[in-house]
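One structure is given here, and the rest of the page talks about it.
Labels below follow one simple rule: chain letters A, B, ... track the order of the sequence lines, proteins then strands, and each chain is numbered from 1.
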Amino acid sequence: MEGSAGRVVYVNGPVVKARNMKNFKMREMVTVGEKKLIGEVISIDGELGTIQVYEETTGIKIDDEVVSTQKPLSVTLGPGIVGNIFDGIQRPLNIIFDKSGNFIKEGIGLATIDKKKKWYVELKVKVGDELKEGDIFGTVDETPLIKHYLMVPPNIKGKVEEVRQNGEYDLETILVKLDSGAELKMYQEWPVRIPRPVKERLPIQKPLITGQRVIDTFFPIAKGGTAAIPGGFGTGKTMTQHQLAKWSDADIIVYIGCGERGNEMTEVLEDFPKLIDPTSNLPLMNRTILIANTSNMPVAAREASIYTGITIAEYFRDMGYNVAVMADSTSRWAEALREISGRLEEMPAEEGYPAYLPSRLAEFYERAGYVKTLNNKEASVTIIGAVSPAGGDFSEPVTQNTKRFVSAFLGLDRKLAYSRHYPAINWLSSYSGYITQLEDWYKQNVAEDMIFLRGEMIKVLQEESKLLETVKLVGEDVLPDQQRLILEIARLLKVGYLQQNAYHKDDTFVPLVKQYMMLKVIDNFYKLAKEAVKVGVPISVIKTSELFYRIIKMKYEIPNDYGDKFDLLMEDINEYFSNLIREYEGD
Amino acid sequence: MHKEYLSLKKIEGPLIVIEGVEGVSYNEMVEIKVQGETKHGKVVQLNNDLAIVQVFENTSGMSVNNISVKFTGKPLEIKLSREILGRMFNGIGQPIDGGGPVFSGIKFDVNGSPINPVARRYPRNYIQTGISAIDTLTTLIRGQKLPIFSGNGLPHNQIAAQIVKQAKVAEGEGEFAVVFAAMGIKHDDAHYFIKTFQEAGVLDKVVMFMNLADDPVVERIVTPRCALTAAEYLAFYENMHILVIMTDITSYCEALREISAAREEVPGRKGYPGYLYSDLASLYERAGMVEGSKGSITQIPILTMPNDDITHPIPDLTGYITEGQIVLSREIYQRNIYPPINILPSLSRLMKDGIGEGYTREDHPDVANQLFSSYSRVQEVKALSQVIGEDELSEIDKKYLEFGEAFEYRFLRQEFNENRDIDRSLEIAWEILSILPKNELDRINPKFLDAYYRG
Ligand SMILES: Nc1ncnc2c1ncn2[C@@H]1O[C@H](COP(=O)(O)OP(=O)(O)OP(=O)(O)O)[C@@H](O)[C@H]1O
Ligand SMILES: [Mg+2]
């Protein structure tokens with residue numbers, strides 16, 4: 001053994017260097033020291049190898065052994081992932097808990113999904129069938145919501161020689177033997193840093209429906225698309241991500257808590273099993289996968305957690321699912337890169353981040369996509385990354401580089417958060433590059449004029465912001481009523497539409513049709529109010545009318561299955577204004 | 001037996017380098033004997049036969065010879081038992097109150113280990129502090145980490161002291177104790193806290209770890225770790241509710257920067273090391289509650305924002321880790337308002353699950369929301385009135401100014417000895433909200449408006 005093991009010569013935080021490493025491969029997984037800490041080879045220079053260690057390196061000594069595992073850092077993909085919570089290198093936190101109690105100790109070793117657990121497998125192939133990569137040879141009901149399709153791993157093919165009966169098996173059971181010698185089990189392994197193959201990439205076609213008005217109506221995210229949510233601390237990145245994890249219409253959610261708070265993961269663990277998915281009526285945990293590498297867990301594993309999460313997402317995509325990945329926060333991942341880079345004494349680029357930060361970000365976001373899978377299904381991975389800019393200043397490198405690689409940008413605003421305008425998404429600085437691609441979808445599935453109304457409302461908000469510049473200098477009273485009306489409509493939009501209460505049972509998730517009806521109401525009110533102002537109705541009358549408050553409150557007062565309530569409200573608006581106009585025209 | 005090394009290769013600021021070491025492990029504790037005095041340090045880097053050791057005490061007076069260095073083979077550990085209640089220790093956990101060593105007890109590594117998220121219990125019980133602005137708007141939850149962002153000369157110590165005095169754990173819910181970690185604070189400030197603990201009659205329930213302004217700077221890096229280890233022991237082994245006060249985090253971060261500079265690491269913002277976030281997280285994340293224990297750790301770290309700048313890396317990174325923040329304002333303090341809390345940037349992330357029906361009162365969430373929203377409108381009106389003059393303001397804007405005054409002088413302001421329960425605080429909130437016309441209160445459920453609005 002002596003000959004093949006590396007020997008530690010240097011320790012500095014998560015970075016360990018060892019000699020006798022020339023037989024090791026780049027990106028190979030290794031164990032370090034007596035406690036067999038898990039690490040990954042990140043550079044080889046002749047004899048000398050550099051290893052990033054995924055556990056606390058306390059106690060490592062010079063000359064400690066570095067032992068090869070002969071494989072790259074990989075995840076184990078099979079039944080048992082959904083509903084589970086893992087650390088950054090896919091070790092189930094429950095197993096870690098069983099081994100080391102309330103606190104995570106180092107030296108727990110590798111662990112992954114339970115391979116002894118038995119699952120009922122339905123086999124879908126028979127002797128003589130030709131199989132190739134991506135083909136489905138069996139299914140397992142992993143949770144009441146998710147059917148787990150067992151797929152032939154990439155790069156494997158052959159004719160079925162032997163196949164088992166349907167029945168209960170554990171993960172190690174050989175289910176199918178191919179004439180190529182390949183043996184198919186319920187699980188496969190995949191190196192996290194390599195994207196899983198697909199047949200082809202397809203253009204964006206559908207929105208990821210989130211039930212959040214400011215997103216769905218104003219800045220939609222596409223299935224297979226990318227979005228960034230930057231914002232200073234406490235502006236609502238995590239809340240927004242939790243809302244999307246709860247209510248978006250993805251089939252599977254992979255939530256990566258990357259360098260954030262422990263309690264936020266606990267919150268998901270406590271809440272999601274109780275929350276009911278609106279479409280399936282089953283607890284949301286049945287479609288959720290959590291990766292938790294909190295801020296106080298080792299920094300190298302934080303770096304890996306992003307890749308672990310995205311690889312798991314791709315695996316479920318390969319089955320034909322629409323998967324949404326939430327990464328909270330990509331800045332912590334970038335900082336992990338920076339920390340390791342610093343310890344390697346690499347030449348820093350901007351603000352100490354390594355020069356390869358932009359390419360790493362690009363590689364990550366490019367793993368999103370709307371695709372045709374190897375087994376010819378349409379499926380997607382959507383990535384929604386939180387960004388935590390230092391000092392809340394969006395000009396820093398992570399935000400700026402992220403902006404280059406994402407198509408939807410939901411900028412959170414400290415001022416809005418301070419006045420408790422939630423979600424604090426700034427409607428002037430945010431954008432979605434998916435509007436044109438999704439326009440047809442909205443027309444066909446929501447309403448012909450949905451995108452048009454969106455444009456009208458954005459116009460109101462933009463005009464408001466210009467008017468507010470004047471108001472700041474001279475006050476509101478001097479503006480003509482036509483312009484003051486714009487301010488009032490903007491208030492309707494802000495308080496009645498853009499603000500959405502995540503803690504309200506109806507308002508937390510609003511179906512697209514209701515979003516549309518609400519827009520319609522505001523638009524109708526605006527049109528008629530314009531008429532009224534023209535004939536001399538004072539703005540003070542309109543803005544203190546009971547109707548105005550009914551519209552502000554319609555999000556709470558009109559439930560999601562609204563029946564004829566919007567029609568009634570519309571009628572009241574029409575009636576109110578026709579009376580008003582008649583009254584003033586009469587004068 | 002552990003070998004002794006009798007010479008150093010290099011002394012550089014707080015670091016010493018020892019050559020020819022064998023069997024030394026990363027992060028282990030080192031004992032250094034210099035002229036009869038024992039200093040302590042820890043291994044921060046190993047490179048072949050070189051060990052770089054960070055010395056907690058002063059390195060002045062050390063020479064490369066005439067020294068004896070012993071590697072202990074263990075990380076820094078402190079001995080803990082219930083006996084520590086009422087005791088005072090220095091920054092590295094040695095008794096300094098003349099009470100002798102802690103005899104019985106178990107030794108714990110001060111570095112701690114991360115709490116497994118599956119082992120956490122989500123904090124949901126609120127702690128009434130008797131301070132209206134905190135209880136109503138940034139409610140403190142048991143098991144939360146809620147820092148005070150302050151500035152030099154602002155009354156953060158008084159607020160922390162008032163919280164200690166008034167914070168009540170509901171009857172029959174277990175024992176309460178305070179762990180106090182002083183990092184680089186002035187003697188005056190330390191005495192102030194001791195006096196407060198005495199007056200509140202909790203001195204025998206306080207454990208103190210003291211690193212004062214003139215104590216060794218590097219020692220400061222272990223002070224909060226000793227304190228949090230003690231807190232973990234009391235909370236998770238003795239099932240007590242622990243309030244940890246750590247002050248001043250800014251001094252702690254400066255010590256970290258000093259060492260980082262000595263190690264010639266690539267600096268991040270303002271010279272602070274790139275790992276400042278992770279390092280602070282390794283302190284703050286030690287708050288919380290875990291399965292199998294009835295105890296809890298609530299942290300109130302205090303930090304002085306350099307130049308009152310909330311975007312400075314120390315408050316910034318803290319805010320990204322803690323579960324909210326209480327921000328003090330010099331401008332409000334200058335108007336003679338205590339506690340000078342600027343509620344707008346203040347936040348308690350955990351209050352959502354600990355307030356409202358069944359916890360505080362049904363109308364509490366809406367009232368809080370409305371106060372935030374209306375008070376932020378007050379700021380806009382104030383800005384406008386500075387431009388066009390108060391007389392030119394519209395009627396409604398004048399109402400907002402009136403509301404703003406009432407908010408600051410009737411709701412926010414209270415005496416150091418004034419202990420308001422949550423009902424009283426909400427009552428005052430409704431009094432001042434009722435200054436505004438009912439239809440301006442668009443964050444409040446009409447049901448509560450009907451019940452509580454005084455029009
Ligand atoms: N949509 C929302 N509805 C209601 N409250 C919200 C909403 N968004 C944010 N909040 C409030 O803001 C607080 C902070 O939000 P959140 O924790 O998501 O911030 P963050 O941007 O993730 O901050 P950090 O970067 O520090 O993690 C929440 O605890 C909640 O009180
Ligand atoms: Mg967050």
Side-chain angles (χ1 to χ4, degrees), chain A residues 9-13 56-62 85 93-94 96-97 100-105 233-234 259 261-263 265-267 269-270 292 294-297 299 332 335 338-339 342 348 351-352 388 390-393 418-420 471-477 495 503 544 549 552-553 556, chain B residues 23-28 45-49 75 111-123 236 265-269 274-275 277-278 281-282 285 288 290-292 311 313 316 319-321 323-324 344-345 347 349 352 365 369 372-373 376 383-384 387-388 392-394 439 442 446:
Chain A
V9 297
Y10 172 97
V11 192
N12 181 3
E56 218 23 81
T57 49
T58 298
I60 292 193
K61 296 188 183 73
I62 298 298
I85 177 167
L93 288 181
N94 288 315
I96 295 181
F97 178 79
S100 81
N102 286 338
F103 296 89
I104 300 175
K105 296 277 157 39
F233 61 79
R261 301 174 184 81
N263 272 333
M265 302 312 292
T266 311
E267 188 182 9
L269 284 176
E270 287 190 11
T294 56
S295 55
N296 54 341
M297 282 156 78
V299 70
R332 305 301 164 220
E335 283 165 7
R338 173 169 73 181
E339 184 171 339
E351 290 190 19
S388 317
D393 176 0
Y418 284 179
S419 63
R420 271 56 180 178
V471 171
K472 260 190 223 149
L473 295 175
V474 294
E476 193 187 317
D477 286 355
V495 183
Y503 306 132
T544 54
Y549 290 94
I552 283 192
K553 300 272 181 224
Y556 299 137
Chain B
V24 169
S25 59
Y26 184 68
N27 257 345
E28 76 173 281
Q45 186 172 325
L46 285 171
N47 193 351
N48 290 298
D49 70 337
N111 296 302
S113 298
I115 301 178
N116 189 330
V118 303
R120 280 185 186 269
R121 287 188 292 135
Y122 192 75
F236 304 144
E265 292 169 335
V266 182
R269 276 208 305 155
Y275 49 79
Y277 175 84
S278 304
S282 74
E285 278 290 316
V290 297
E291 290 298 337
T311 68
D316 190 48
Y320 274 121
I321 304 162
E323 285 142 350
L344 295 177
L347 171 73
R349 294 160 196 263
K352 62 183 196 308
N369 237 320
F372 280 119
S373 157
S376 100
L384 179 64
V387 180
I388 64 173
E392 298 296 313
L393 291 178
S394 65
N439 58 23
D442 51 26

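- A pairwise comparison of heavy atoms in A/Asn263 and B/Arg121 identifies OD1-O, 4.2 Å as the closest pair.
- Interatomic distance, CG of A/Asp393 versus OG1 of B/Thr311, reported as 8.0 Å (0.5 Å rounding).
- Of the listed residues (B/Glu265, B/Arg269, B/Glu392), the greatest number of heavy-atom pairs within a distance under 4.5 Å of chain A belongs to B/Arg269.
- What you find for A/Ser295 and B/Ala281 is that their closest heavy atoms are OG-CB, 3.2 Å.
- Going from atom CG of B/Asn439 over to atom OH of A/Tyr549 covers 3.5 Å, rounded to the nearest 0.5 Å.
- Of the possible donor and acceptor atoms, one in the side chain of B/Asn116 sits under 3.5 Å from a partner among the backbone N and O of A/Leu93.
- Side-chain atoms of A/Thr294 and B/Pro117, non-hydrogen and from C-beta on, do get closer than 4.5 Å to each other.
- Ranked by heavy-atom pairs under 4.5 Å with chain A, the first of B/Pro75, B/Gly288, B/Pro123 is B/Pro123.
- B/Ala119 and A/Phe97 make their closest contact through CB-CE1, 3.6 Å (heavy atoms, listed as atom of the first residue, atom of the second, distance).
- For the set B/Ser376, B/Pro345, B/Ser373, B/Ser394, the count of heavy-atom pairs under 4.5 angstrom toward chain A peaks at B/Pro345.
- Atoms CD1 and CD1, from A/Ile104 and B/Ile115 in turn, are 9.5 Å apart once rounded to the nearest 0.5 Å.
- A salt bridge between B/Lys352 and A/Glu267 is present, with a side-chain N of the basic residue lying under 4.0 Å from a carboxylate O of the acidic one.
- Scanning both residues, B/Asp316 and A/Gly392, for their nearest heavy atoms gives OD1-N, 4.3 Å.
- Interface residue A/Ala390: backbone and side-chain heavy atoms are both found under 4.5 Å from chain B.
- In this structure, A/Glu270 contributes its side chain and B/Tyr122 its backbone to a donor-acceptor pair below 3.5 Å.
- The most heavy-atom pairs under 4.5 Å with chain B, out of A/Asn94, A/Asn296, A/Ile60, come from A/Asn296.
- Looking only at distances, a side-chain donor or acceptor of A/Lys553 sits under 3.5 Å from a matching main-chain atom of B/Asp442.
- Here the straight-line distance linking atom CD1 of A/Ile62 with atom CG of B/Asn47 works out to 7.0 Å at 0.5 Å rounding.
- In this structure, the portions of A/Asn102 lying under 4.5 Å from any heavy atom of chain B include both its backbone and its side chain.
- Of the atoms belonging to B/Val118, heavy atoms from both backbone and side chain fall under 4.5 Å from chain A.
- Between chain B and the options A/Val299, A/Leu473, A/Ile552, A/Thr544, heavy-atom pairs under 4.5 Å are most frequent for A/Leu473.
- Both the backbone and the side chain of A/Arg420 have a heavy atom closer than 4.5 Å to some heavy atom of chain B.
- With chain A as partner, the option from B/Leu384, B/Val387, B/Val290 having the largest number of non-hydrogen pairs under 4.5 angstrom is B/Leu384.
- Smallest separation of non-hydrogen atoms from A/Arg332 and B/Tyr320: NH2-CG, 3.0 Å.
- The residue among B/Gly319, B/Gly112, B/Pro267, B/Gly292 with the most heavy atom pairs within less than 4.5 Å of chain A is B/Gly319.
- The distance from the OH atom of B/Tyr26 to the CG atom of A/Asn12 is 5.5 Å, given to the nearest 0.5 Å.
- In this pair, B/Phe236 and A/Phe103 present their aromatic rings tilted. The plane angle is within the 30 to 60° band.
- Contacts between B/Tyr277 and chain A at a heavy-atom distance below 4.5 Å involve the side chain alone, from C-beta outward.
- When the salt bridge (charged side-chain N to carboxylate O under 4.0 Å, His left out) test is applied to B/Glu291, no partner is found at least two apart in sequence or on another chain.
- At a threshold of 4.5 Å between non-hydrogen side-chain atoms, the residues A/Glu476 and B/Leu393 do not count as touching.
- Between B/Ser25 and A/Lys61, the shortest heavy-atom distance links the atoms CB-CG, 3.6 Å.
- Here OG of B/Ser282 is found 9.0 Å from CD of A/Glu56. Values are rounded to the nearest 0.5 Å.
- Interface remark: of the candidates A/Gly234, A/Gly342, A/Gly352, A/Gly234 forms the most heavy-atom pairs closer than 4.5 Å to chain B.
- Proximity to chain A involves both the backbone and the side chain of B/Arg120, based on heavy atoms less than 4.5 angstrom apart.
- Among the candidates B/Pro446, B/Gly324, B/Ser278, B/Ala383, the residue making the largest number of heavy-atom pairs closer than 4.5 Å to chain A is B/Ser278.
- Both the backbone and the side chain of A/Met297 come within contact range of chain B, with heavy atoms under 4.5 Å apart.
- When A/Thr57, A/Thr266, A/Asp477, A/Leu269 are compared by the number of non-hydrogen pairs under 4.5 Å with chain B, A/Thr266 comes out ahead.
- Residues B/Tyr275 and A/Glu335 are not in side-chain contact: their nearest non-hydrogen atoms beyond the backbone lie 4.5 Å or more apart.
- Counting only heavy atoms from C-beta outward, the side chains of B/Arg349 and A/Arg261 approach each other to under 4.5 Å.
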